[in-house]
Amino acid sequence: MRMSRLFLRTLRDDPAGADIASHRLLLRAGCIRQVASGVYAWLPIGQRVLAKVAQIVREEMDAAGAQEMTMPIVQPRELWEQTKRDVDYGPLMFRLEDRKQARYNLSPTAEEVITTIVAGELESYRDLPMNLYQINWKYRDELRPRFGLLRAREFLMKDAYSFHIDVDDLKRTYQDMYDAYSRVFTRCALTFRPVEGEAGEIGGDTNHEFMAMAAVGEDDVVWCQKCDYAANAEVARRKSETVDGKADAPAREKVHTPDMPGITAVAEHLGVPAGELLKCIAFDLDGEVGLALVPGDRDVNPAALAQAVAPKRARLLADDDFAAHPHVVKGYIGPDAESVALVIADPMVSAPHGWVTGANEIDHHVRSAVLGRDFEVGEWADLVAVVPGDPCPRCGSPLSIDRGIEVGQVFELGTKYSEALGALYTDEAGAQHPMVMGCYGIGISRIITAVVEEHHDEQGIAWPAELAPYDVHLVVIPGKGDEASEVIKTADELYDALANAGVDVLYDDRDASPGVKFADADLLGVPVRLTVGAKGLKRDVVERKLRKTGEESELQITDDLLTVSAEELRTAVL
RNA sequence: CGGGGAGUAGCGCAGCUCGGCAGCGCACCUGCUUUGGGAGCAGGAGGCCGGGGGUUCAAAUCCCCCCUCCCCGACCA
């Protein structure tokens with residue numbers, strides 16, 4: 001491609017509002033342009049990268065036995081009502097009506113559609129397993145789109161759905177997908193980590209999230225340096241067990257703590273560390289009040305609490321709720337508050353201890369509250385949010401926490417959708433069963449964000465070879481003298497020779513200064529840069545520079561570079 | 001949705017308090033010079049100042065309403 005004809009305008013200045021490297025560089029390099037909040041156009045350079053990522057995903061999915069198809073983006077709302085996910089998704093769905101006021105939505109995902117289609121096509125155990133995928137645009141009306149492609153409202157996703165006779169068979173495909181995903185992200189040159197994940201709106205059981213490790217990531221990843229334990233912070237747990245023992249503490253004593261509803265203030269006022277305080281978090285439990293107890297220097301992990309009380313639903317009390325429960329005094333809650341349906345505590349609270357905690361009375365706390373003497377715990381469960389240094393639940397070694405970008409997820413779905421939508425198969429004995437399903441997503445456009453975050457420098461992007469929009473960036477510097485036309489002729493010939501050898505070349509034939517051309521080459525990030533200039537040609541060489549490492553070398557162009565076989569040329573250049 | 005900020009040329013911004021010819025840098029066009037890391041000089045083109053209403057002799061500027069975009073938070077396959 002000759003740059004003189006390419007639809008590309010690079011930006012010299014940073015665009016306003018692009019705060020992370022990937023967003024800034026993708027805009028500056030002319031890969032994307034914003035059209036609306038969280039909605040982007042893909043310009044030719046970006047389109048090529050998008051296509052390359054999609055192709056990698058396609059190759060690995062096909063190799064793993066999945067079959068590609070395409071489903072509509074417009075989906076009838078009725079399907080979503082059949083699985084109740086219409087309500088689960090709520091305002092996250094883009095909704096629309098046609099001229100007859102029939103209700104539709106734009107696809108945020110496609111479990112309902114694929115399950116309905118499969119229900120009509122597959123009927124026998126002989127037809128299973130089946131694994132189907134598509135690469136298509138998805139839509140979510142995010143509360144707050146941000147960071148360019150990272151949290152967009154329109155994004156390209158590969159979504160796959162597998163159908164099985166039983167869970168054992170599902171597990172085989174699940175593992176195949178897990179392995180395929182590892183190959184995809186390795187080929188994309190991402191530093192990634194598969195972690196135990198959170199179920200979200202899809203619902204289901206076992207699942208793993210593939211996290212590209214990046215400081216701008218929106219998820220916290222808890223991982224162990226010794227063993228292979230890794231989990232999204234929402235589901236991560238620390239090694240913890242309740243201990244038996246009597247606290248050797250004096251009698252409980254009420255203390256005056258005026259206007260101190262917070263842990264920090266009370267700890268300072270009484271001169272004790274925050275960890276000596278007992279934090280009591282009130283939550284609504286299907287209309288009743290529950291208390292969650294953790295040490296004062298710890299936070300309750302809401303996802304852990306939700307799991308602990310399931311299938312009931314826990315919701316932290318809002319300010320308004322406290323009015324309805326006068327015995328629960330916000331800021332001064334004690335574990336022995338009246339009319340509490342459930343007291344649930346993290347095992348850390350079982351340490352023999354005289355706790356400082358709320359007195360259930362405004363402006364008062366108590367000292368020396370002792371478990372078993374002054375308050376009781378109804379249920380024990382891991383509730384605290386993990387912090388770095390906590391013991392690994394598997395091996396006890398210290399845990400670390402880093403940020404990650406979720407680029408893929410694999411789920412064991414079970415029969416939620418097949419039951420709701422009637423995807424049944426007949427077994428050998430003639431009996432009907434719901435198909436057991438799995439689903440598997442990869443954020444194609446989001447991968448590009450993660451890749452640029454990991455592969456860039458001050459000058460611009462440094463694409464990994466497999467994703468680069470072009471293989472070679474050929475720069476011609478004609479110079480001023482009589483030899484200028486000869487230099488251009490040589491560059492033209494090299495361009496043609498490379499193209500004939502099957503190399504994708506971006507040829508900077510523009511009438512621009514060398515500085516502009518080199519700066520754009522660095523910004524665009526094509527892995528190999530070849531420079532044809534009068535300076536080099538005097539010695540019969542073209543210069544070769546690698547974008548990633550800056551490593552420079554020279555290629556002799558005398559007799560044969562333009563006449564060698566395609567294979568030899570490829571080897572010499574790439 | 002709560003809090004904060006911004007809409008002025010393709011991009012980045014000034015002008016707004018205190019109403020009076022719509023500006024600067026980069027980019028773009030023409031010419032000359034230049035040519036190995038974002039060239040110089042000269043000339044030029046490009047604006048619904050987010051939209052609507054109001055005040056005024058006069059509105060980018062003041063008032064009211066609306067829209068859009070960005071940042072923090074809540075939320076999140």
Side-chain angles (χ1 to χ4, degrees), chain A residues 8-20 23-24 27-28 30 33-39 85 88-93 107-111 138-148 150-153 155-161 197-204 207-210 217-220 232 234 302-303 315-316 318-319 405-411 413 439-444 446 459-460 475-481 483-484 487-488 508 510-523 529 531-538 542-543 545 550 552:
Chain A
L8 170 71
R9 160 165 256 167
T10 57
L11 306 179
R12 192 176 290 201
D13 300 317
D14 286 338
D19 295 307
I20 64 172
H23 190 198
R24 188 165 49 82
L27 286 166
R28 282 192 55 207
R33 290 290 182 263
Q34 180 168 354
V35 173
S37 179
V39 178
R85 287 214 299 170
D88 292 341
Y89 261 89
L92 199 57
M93 277 211 300
S107 173
T109 177
E111 282 82 4
K138 298 293 182 300
Y139 296 82
R140 291 186 194 170
D141 190 4
E142 296 286 352
L143 283 178
R144 182 149 91 82
R146 64 179 125 187
F147 299 146
L150 184 57
R151 182 154 298 280
R153 297 198 293 174
F155 54 99
L156 191 62
M157 176 168 115
K158 185 283 299 178
D159 46 323
Y161 309 89
E198 208 240 342
E201 305 297 351
I202 283 189
N207 76 90
H208 286 87
E209 295 168 349
F210 285 77
E218 295 183 297
D219 292 287
D220 279 317
N232 188 310
E234 291 184 315
R315 176 180 59 79
L316 297 193
D319 284 358
I405 298 171
E406 185 190 341
V407 288
Q409 193 159 26
V410 292
F411 269 91
L413 276 182
C439 74
Y440 321 91
I442 290 182
I444 307 264
R446 186 181 271 187
Q459 272 57 249
V475 176
V476 60
I477 310 289
K480 56 171 182 248
E483 67 276 21
V487 174
I488 290 172
D508 195 344
R510 295 175 302 173
D511 180 21
S513 74
V516 168
K517 292 186 174 189
F518 291 143
D520 274 347
D522 290 342
L523 176 60
R529 189 184 86 192
T531 305
V532 177
K535 210 170 79 179
L537 286 190
K538 282 192 183 115
V542 301
E543 294 137 83
K545 184 174 184 180
E552 295 183 70

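Each chain gets a letter, A, B and so on, in the order its sequence line appears, and its residues count up from 1. Since the structure is predicted, the reported quantities are computational estimates derived from the model, not experimental observations.
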**Fill in**
In B/S/- notation (B base, S sugar-phosphate only, - none; protein heavy atoms under 4.0 Å), nucleotides 1-10 of chain B written 5' to 3' is ----------
**Request:** Go along nucleotides 39-47 of chain B 5' to 3' and tag each nucleotide: B for a protein heavy atom under 4.0 Å from its base, S when only backbone or sugar atoms are that close, - otherwise.
**Result:** S--------
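Searching all strands for a Watson-Crick or G-U wobble partner of B:rA39 with both distances below 3.5 Å returns B:rU33. B:rC28 and B:rG44 make up a base pair, with Watson-Crick or G-U wobble contacts both under 3.5 Å. B:rA60: no Watson-Crick or G-U partner with both key distances under 3.5 Å is found in any strand. The base-pairing partner of B:rU17, taking Watson-Crick or G-U wobble contacts with both distances under 3.5 Å, does not exist among the strands shown. Remark: B:rA6 base-pairs with B:rU68. Criterion, Watson-Crick or G-U wobble with two distances under 3.5 Å. Using the Watson-Crick or G-U wobble rule with both distances under 3.5 Å, B:rC75 pairs with nothing in any strand shown.
Using a 4.0 Å heavy-atom criterion, one finds that A:D19 contacts the sugar-phosphate atoms exclusively. Residue A:K545 is in base contact, counting any heavy-atom pair closer than 4.0 Å across all strands shown. Residue-level contact check: A:A519 touches the bases, meaning some heavy atom is under 4.0 Å from a base atom. Looking at heavy-atom distances under 4.0 Å, A:G479 makes contact with sugar-phosphate atoms alone, never a base. At the heavy-atom level, A:R33 lies nowhere under 4.0 Å from the strands shown. Residue A:A534 is classed as a base contact, given a heavy-atom separation below 4.0 Å to a base. As judged by a 4.0 angstrom heavy-atom cut-off over every strand, A:F210 is placed among residues making no nucleic acid contact.
The interatomic distance linking A:D511 (CG) with B:rU30 (P) rounds to 11 Å, in whole Å. One atom, CG of A:D13, and another, P of B:rC11, lie 11 Å apart when rounded to the nearest Å. Residue A:R28 contributes atom CZ, which lies 12 Å from atom C1' of B:rG12 at whole-angstrom precision. In this structure, the CG atom of A:D14 is 14 Å from the C1' atom of B:rC13, given to the nearest Å. Following rounding to the nearest Å, A:M93 (CE) and B:rC75 (C1') show an atom-to-atom distance of 16 Å. Rounded to an integer number of Å, the gap from A:R153 CZ to B:rU68 P is 9 Å. Distance, A:Y89 OH to B:rC75 P: 17 Å, rounded to whole Å. Atom CG in A:D219 sits about 8 Å away from atom C1' in B:rC76, given to the nearest Å.
The listed nucleotides are B:rC13, B:rC71, B:rG37; the one nearest the side chain of A:F147 is B:rC71. Closest to the side chain of A:R146, from the set B:rG73, B:rG36, B:rG38, is B:rG73. Minimum atom distance to the side chain of A:S37 is reached by B:rC69, of the listed B:rG37, B:rC69, B:rC11. Checking B:rG38, B:rG36, B:rC75 against every side-chain atom of A:I477, the shortest atom distance belongs to B:rG36.
In this structure, the side chain of A:R153 engages the main chain of A:S37 through a donor-acceptor pair within 3.5 Å. No donor-acceptor pair closer than 3.5 Å links the side chain of A:R28 to the backbone N or O of A:D14. Side-chain N or O atoms of A:K138 include none that pairs as donor or acceptor with a backbone N or O of A:A110 at under 3.5 Å.
The same atom, C1', is picked in B:rC21 and in B:rU34; the two are 37 Å apart, to the nearest Å. Comparing the C1' positions of B:rU8 and B:rG23 gives an interatomic distance of 10 Å, to the nearest angstrom. B:rA74 and B:rG53: their P atoms are spaced 41 Å apart (whole Å). Annotation: B:rG10 and B:rG47 have their C1' atoms spaced 12 Å apart (nearest Å). Straight-line distance between the C1' atoms of B:rU56 and B:rG19: roughly 9 Å, to the nearest whole Å. Of the C1' atoms belonging to B:rA6 and B:rC13, the separation is 12 Å, rounded to the nearest Å. Between B:rC62 and B:rG20, the two C1' atoms lie 14 Å apart (nearest whole Å). For the C1' atoms, the distance linking B:rG37 with B:rC69 amounts to 35 Å, nearest Å.
Residue A:Q34 has a polar side-chain atom (N or O) positioned under 4.0 Å from OP1 or OP2 of B:rC70.
Closest approach of A:C439 to A:E111, counting heavy atoms only: SG-OE2, 3.6 Å. Residue A:Q34 comes nearest to A:L27 through the heavy atom pair N-CD2, 4.4 Å, listed as atom of the first residue, atom of the second, then distance. Taking each heavy atom of A:G38 and A:P145 in turn, the nearest pair found is CA-CB, 3.8 Å. Closest approach of A:I405 and A:G217 over heavy atoms only: CG1-CA, 3.6 Å. Of all the heavy atoms in A:D19 and A:H23, the pair that sits closest is N-ND1, 4.4 Å. Residues A:V487 and A:I477 come closest through the heavy atom pair CG1-O, 3.8 Å.
Distance check, rounded to the nearest 0.5 Å: CD1 of A:I488 to CG of A:D511 gives 8.5 Å. Remark: A:K545 NZ to A:D522 CG distance equals 6.0 Å, nearest 0.5 Å.
Nearest-nucleotide mapping onto RNA chain B: of A:F518 and A:V407, the residue sitting toward the 5' end is A:F518. A residue-by-residue look at A:F155 and A:H23 shows that A:H23 has its nearest nucleotide of RNA chain B further toward the 5' end.
Side chains of A:Y139 and A:D141: no donor on one and acceptor on the other come within 3.5 Å.
Considering only residues two or more places apart in sequence or on other chains, A:F210 meets the ring-ring contact (aromatic ring centres under 6.0 Å, His included) condition with A:Y178, A:Y181, A:F185.
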